[in-house]
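Here is the structure we will look at, set down as C-alpha cells.
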Amino acid sequence: MKNKFNLIFIIGCEGTGHHLFNHCQLTPKPYTVLHKLIKAYFNIDTSPTDQKKLKKNIYGITKNNIGVVCKESASFPYSRPTNPLMSHDILGFFELFNEMEHVNLFYVVLTRNIIFSTLSAKNRFDKKRSIVFSSRLQENCLNYINSQIQLIPKEKYIIVEITNIQKNIEKFIKFIEQKSKIKICSNYNNIRISDDSKYLTDKNYDYLVNYFNKNRLKQFNFLKENIYLI
C-alpha cells in the first residue's frame, strides 16, 4: 500500500524456518531504526513511562516512511541462553500498531513438524543440553504461539507449514502479497529450505516421536487446523 507503512511480522518457534524471509525486500534505514525501537519497547526492563516514549518514536518513524515495506521477525524462545520473557509479545505487537491507522500490519506464522523443528533448534543451539530440555522448550513456545495468535483478527495473519510451501514458493509469496497488500519479495530463487530427512537418523528422533504423541499434539490444534495449504 502506497499510503501505508507496511510491516510484515514473521513468527515461529526456533527451527521452523523464519530465516526463509531473509531475502525479502526491505528498506534498510527505517527498518534498522524501527527494529531497535521495537526490541526496546518489548524489553522486560523497559518501564511503562519509557514505553510511552518509545511508542511515540515508533509512531514518528512509521508515519514519516509511508509506502515503505519492512519486516520484523521473532523466534521463540528468545536468544541463547533462552529467556522467554524477552520475546516479542504477539498480542502486544498487534495492539502497538493497530492504534496507528497509517500502518498496514500482517502476520506470517510459520509452523513445522515439531519433531523436526526441535531437532533443528537443538542441533543449532543446544547441543550440550538434554533432549528433554529441548522438547519442553519447543512445546512451551508453540503453546504460547498457539494461544496468542487466536487473539489476532483472522484477516491479519496466515499460518503456513514450512515444508508445504517449498514446492511452490513463488505461488506462496504471491498469495501472501495479495492477502497482505504488501510487496515483500523480489527474488524467489534465493529462498532455500533444508531437507528434513536428515533428522530421521538423529539419535533423539525416537524419543521425540514418543514424547510428541497424538494426545500431546492436541495442544496445538488451532495452528494445525488453520494451516493454509498451497
Side-chain angles (χ1 to χ4, degrees), residues 8-21 38-39 41-45 72-98 105-165 193-194 196 199 202 204-229:
I8 290 281
F9 185 31
I10 302 166
I11 60 176
C13 287
E14 194 68 69
T16 53
H18 57 281
H19 297 297
L20 168 72
F21 287 83
I38 292 173
K39 284 188 67 176
Y41 182 88
F42 286 109
N43 191 304
I44 53 177
D45 293 322
E72 182 70 13
S73 62
S75 58
F76 299 85
Y78 179 86
S79 193
R80 292 297 193 276
T82 59
N83 187 344
L85 292 178
M86 287 294 289
S87 294
H88 288 43
D89 185 309
I90 295 174
L91 176 61
F93 196 94
F94 173 78
E95 292 174 337
L96 172 64
F97 288 103
N98 190 50
L105 170 64
F106 190 78
Y107 287 71
V108 175
V109 183
L110 297 178
T111 64
R112 186 181 188 181
N113 180 308
I114 195 169
I115 294 174
F116 297 146
S117 60
T118 302
L119 290 173
S120 176
K122 175 176 172 52
N123 292 332
R124 186 179 180 190
F125 296 110
D126 301 316
K127 290 184 177 180
K128 296 182 179 180
R129 304 299 298 266
S130 166
I131 189 60
V132 176
F133 167 83
S134 300
S135 58
R136 291 290 298 275
L137 182 62
Q138 188 87 182
E139 180 181 29
N140 183 67
C141 291
L142 194 56
N143 261 322
Y144 172 75
I145 296 173
N146 185 78
S147 62
Q148 287 245 329
I149 198 61
Q150 297 181 58
L151 306 177
I152 309 300
K154 288 187 177 181
E155 68 273 13
K156 288 293 184 181
Y157 67 85
I158 183 172
I159 302 169
V160 291
E161 211 281 330
I162 197 69
T163 56
N164 179 245
I165 70 176
I193 302 173
S194 61
D196 286 339
Y199 296 123
D202 191 289
N204 294 308
Y205 178 79
D206 290 340
Y207 170 83
L208 292 176
V209 169
N210 291 323
Y211 183 78
F212 290 118
N213 54 58
K214 290 183 179 180
N215 192 44
R216 187 174 292 274
L217 290 178
K218 290 178 182 178
Q219 298 176 94
F220 321 121
N221 276 351
F222 180 82
L223 290 173
K224 181 179 179 181
E225 293 168 359
N226 288 277
I227 289 175
Y228 173 80
L229 298 177

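Positions are given from 1, in the same order as the sequence printed here. Owing to the predicted nature of the structure, the values given are computational and were not obtained by experimental measurement.
By the 4.5 Å heavy-atom criterion applied to side chains, V109 and F9 are not counted as neighbours. A heavy-atom distance below 4.5 Å is found between the side chains of Y78 and K39. When side chains are defined from C-beta on, F220 counts as touching E139, because their heavy atoms get closer than 4.5 Å. In this structure, I158 and F106 have side chains that are in contact, with non-hydrogen atoms separated by less than 4.5 Å. Taking 4.5 Å as the limit, every side-chain heavy atom of N98 sits out of range of all side-chain heavy atoms of L105.
The main-chain N or O of T118 is never found under 3.5 Å from a side-chain atom of Y199 such that the two would form a donor-acceptor pair. With hydrogens and angles disregarded, no donor-acceptor distance shorter than 3.5 Å links the side chain of S75 to the backbone of C13. Using a distance-only test at 3.5 Å, with no hydrogens or angles considered, a donor-acceptor pair links the side chain of K122 to the main chain of R129. No donor-acceptor distance shorter than 3.5 angstrom exists from the side chain of S120 to the backbone of S117, with no hydrogens or angles considered. Remark: the backbone N or O of N113 is paired with a side-chain donor or acceptor of E161 at under 3.5 angstrom. With R124 contributing its side chain and G15 its backbone, the two residues share no donor-acceptor pair below 3.5 Å. Using a distance-only test at 3.5 Å, with no hydrogens or angles considered, no donor-acceptor pair links the side chain of Q138 to the main chain of S135. With N146 contributing its side chain and L142 its backbone, the two residues share no donor-acceptor pair below 3.5 Å. Of the possible donor and acceptor atoms, one in the side chain of Y107 sits under 3.5 Å from a partner among the backbone N and O of F94.
Taken from CD1 in I11 to SG in C141, the straight-line distance is 11.5 Å, to the nearest 0.5 Å. Rounded to the nearest 0.5 angstrom, T111 OG1 and I227 CD1 are separated by 4.0 Å. In this structure, CD1 on I162 lies 5.0 Å from CG on L110, to the nearest 0.5 angstrom. We find the OH-CD distance between Y157 and Q150 to be 7.0 Å, quoted to the nearest 0.5 Å. The structure places CD of E14 at 11.0 Å from CZ of R112, a figure rounded to the nearest 0.5 Å. A distance of 5.5 Å separates CG of L96 from CZ of F42, quoted to the nearest 0.5 Å.
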Please lay out, stage by stage, how F97 and I38 fare under the test side-chain contact (heavy atoms from CB on, under 4.5 Å).
CA-CA 11 Å; F97 288 103; I38 292 173; 3.9 Å; yes

Given the rule in the side-chain contact (heavy atoms from CB on, under 4.5 Å) test, do Y228 and N164 qualify, once you have shown the distances and angles that lead to the verdict?
CA-CA 9 Å; Y228 173 80; N164 179 245; 5.8 Å; no

Given L137 and F125, is the side-chain contact (heavy atoms from CB on, under 4.5 Å) satisfied, shown in steps?
CA-CA 12 Å; L137 182 62; F125 296 110; over 6 Å; no

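Between N226 and I159, the shortest heavy-atom distance links the atoms O-CB, 3.7 Å. Scanning both residues, N213 and N210, for their nearest heavy atoms gives ND2-O, 3.3 Å.
Aromatic ring orientation, Y211 versus Y207: parallel (interplanar angle below 30°, classes split at 30° and 60°).
The number of heavy-atom neighbours closer than 6.0 Å to CZ of R136, taken from other residues, nucleotides and ligands shown, is 12 or below. Within a 6.0 Å radius of NZ in K156, more than 12 heavy atoms belonging to other residues, nucleotides or ligands are found.
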